[in-house]
Amino acid sequence: MTRSARLAGIGSFLPSCLVPNAQLAARMDTSDEWIRTRTGIRQRYFAEPGTTTSDLAAEAGARAMKSAGLAEVDAVVLATTTPDRPCPATAPVVAAKLGLAGRPAFDVQAVCTGFVYALATACGLLAMGCVDTVLVIGAETFSTILNPADRATSVIFGDGAGAMVLRSGQAAGNGAVGNGAVGPFDLGSDGTGQDLITVRAGGAEQRRSGSAPAPGDEYFSMAGREVFRQAVEHMAQSARAVLGQVGWQAGDIDWLACHQANLRILVRLADVLGIPEARVLANIAEVGNTSAASIPLAIDQAYRAGRFKAGDRLLLSAFGGGLTWGSTVLTWPDLTHP
Ligand code: ACO
């Protein structure tokens, strides 16, 4: 028997500032119809002035701990692309806000794949016996890095946070069976594609260049069409790899719980994998693309809507900046603290 990771609790949090498509159409050259038909998004939430990623992360984290029936956890792993500051990491701030100062806490940066990478990292901590419980959070305030002059990205992203508490358990074999089991994982990256999804300024590369940042370089940018193509390709490949590891077929999957980048990507991916659209978790219409927060946010909302039963098999897959991608599986637990 080896140590494995099990889902013990889940929670999420959205900021209160609701931004419907019409509000964006009033201030840039776009329309509700273009946004809905090209992305599936109807609205998103932006954090209020003064609210940062650590605030959203702490709220989601507190809800996940409550769901797990725990007042404390042994470690905090935060996936984010929008840390409160470039230095230090935001996870220790989140831990302090949750009354967990003194515990190990660190950030994982894999853009929209961040939550899958953070889950894998947490599973590693549990498997090594470093800790018995880990709070894994995905949280973003993408509204702080969107270029108001770039309609292609400004209409896609939203702010939010989602979190899971993982607890160590015992597992035989590949560990992907039974109550709440998480894993195995398939993870990958391709740094030659760093320009496709990026914030060019603010790092060592731009500072070393000796010149001031070009206009717009402080903002997020994305080559949407090329990213779309690669997203479907890599998520499909990664999802198949993880299904192969665990010995499941597409027909065994009850829920496809993927990064919410674009509704058309979710539909295309389900089609390529041979998973019926009715089994795709999609909350992008209501919250937009919340990057590292999107997978736990979608899963938590579906859980609270009563869509899962114990034993349901979830396939998680994500693609994002880096480029990065990753997939894992989760067997839905019998959560006793809803
Ligand atoms: N409103 C109106 N028109 C627009 C808008 C807008 N908001 N944005 C772009 N357009 C126009 C373009 O200018 C272009 O016009 P043209 O044909 O006259 O040149 C036309 O619409 C088509 O542009 P495309 O970029 O080809 O549009 P596309 O259909 O590809 O949709 C989108 C763009 C939504 C960004 C899509 O490509 C996409 O979802 N890409 C993948 C996103 C993704 O998976 N990201 C990975 C994770 S995110 C992360 O890691 C942070």
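All ligand and atom numbering here is 1-based and tracks the order in the structure.
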>> Taking side-chain contact (heavy atoms from CB on, under 4.5 Å) as the definition, give me every residue that meets it alongside Pro15, ordered by chain and number, with sequence neighbours left out.
In response: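 side-chain contact (heavy atoms from CB on, under 4.5 Å) check on Pro15 returns Tyr45, Ala47, Glu48, Leu56, Asp159.
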>> Run the side-chain contact (heavy atoms from CB on, under 4.5 Å) test against Asp271 and tell me which residues pass, sequence neighbours left out.
In response: none
Atom pairs, nitrogen or oxygen, ligand 1 to protein, under 3.5 angstrom:
residue	atom	partner	partner atom	Å
ligand 1	1 (N)	Thr30	OG1	2.6
ligand 1	3 (N)	Trp34	NE1	3.3
ligand 1	7 (N)	Thr30	OG1	3.1
ligand 1	7 (N)	Arg151	O	3.1
ligand 1	13 (O)	Arg151	NH2	3.0
ligand 1	21 (O)	Trp34	NE1	3.4
ligand 1	26 (O)	Arg225	NE	2.6
ligand 1	26 (O)	Arg225	NH2	2.6
ligand 1	29 (O)	Arg38	NE	3.0
ligand 1	29 (O)	Arg38	NH2	2.6
ligand 1	29 (O)	Arg264	NH2	3.1
ligand 1	37 (O)	Gly224	O	3.0
ligand 1	39 (O)	Asn262	ND2	2.7
ligand 1	40 (N)	Gly224	O	3.0
ligand 1	50 (O)	Gly321	N	3.1

>> Regarding Arg307 and Asp312, does a basic nitrogen lie under 4.0 Å from an acidic carboxylate oxygen?
In response: no
>> Using the ring pair (Phe, Tyr, Trp, His ring centres under 6.0 Å) criterion, which residues pair with Phe13? Sequence neighbours excluded.
In response: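 If we apply the ring pair (Phe, Tyr, Trp, His ring centres under 6.0 Å) test to Phe13, skipping adjacent residues, there are no hits.
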> Going by the angle between their ring planes, with limits at 30° and 60°, are His234 and Trp325 parallel, tilted or perpendicular?
Replying inline: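 His234 and Trp325: parallel rings.
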> Is the charged tip of Arg313 near the ring of Trp248: under 6.0 Å from the six-membered ring centre and within 45° of its axis?
Replying inline: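 The answer is yes, since Arg313 meets both limits relative to Trp248.
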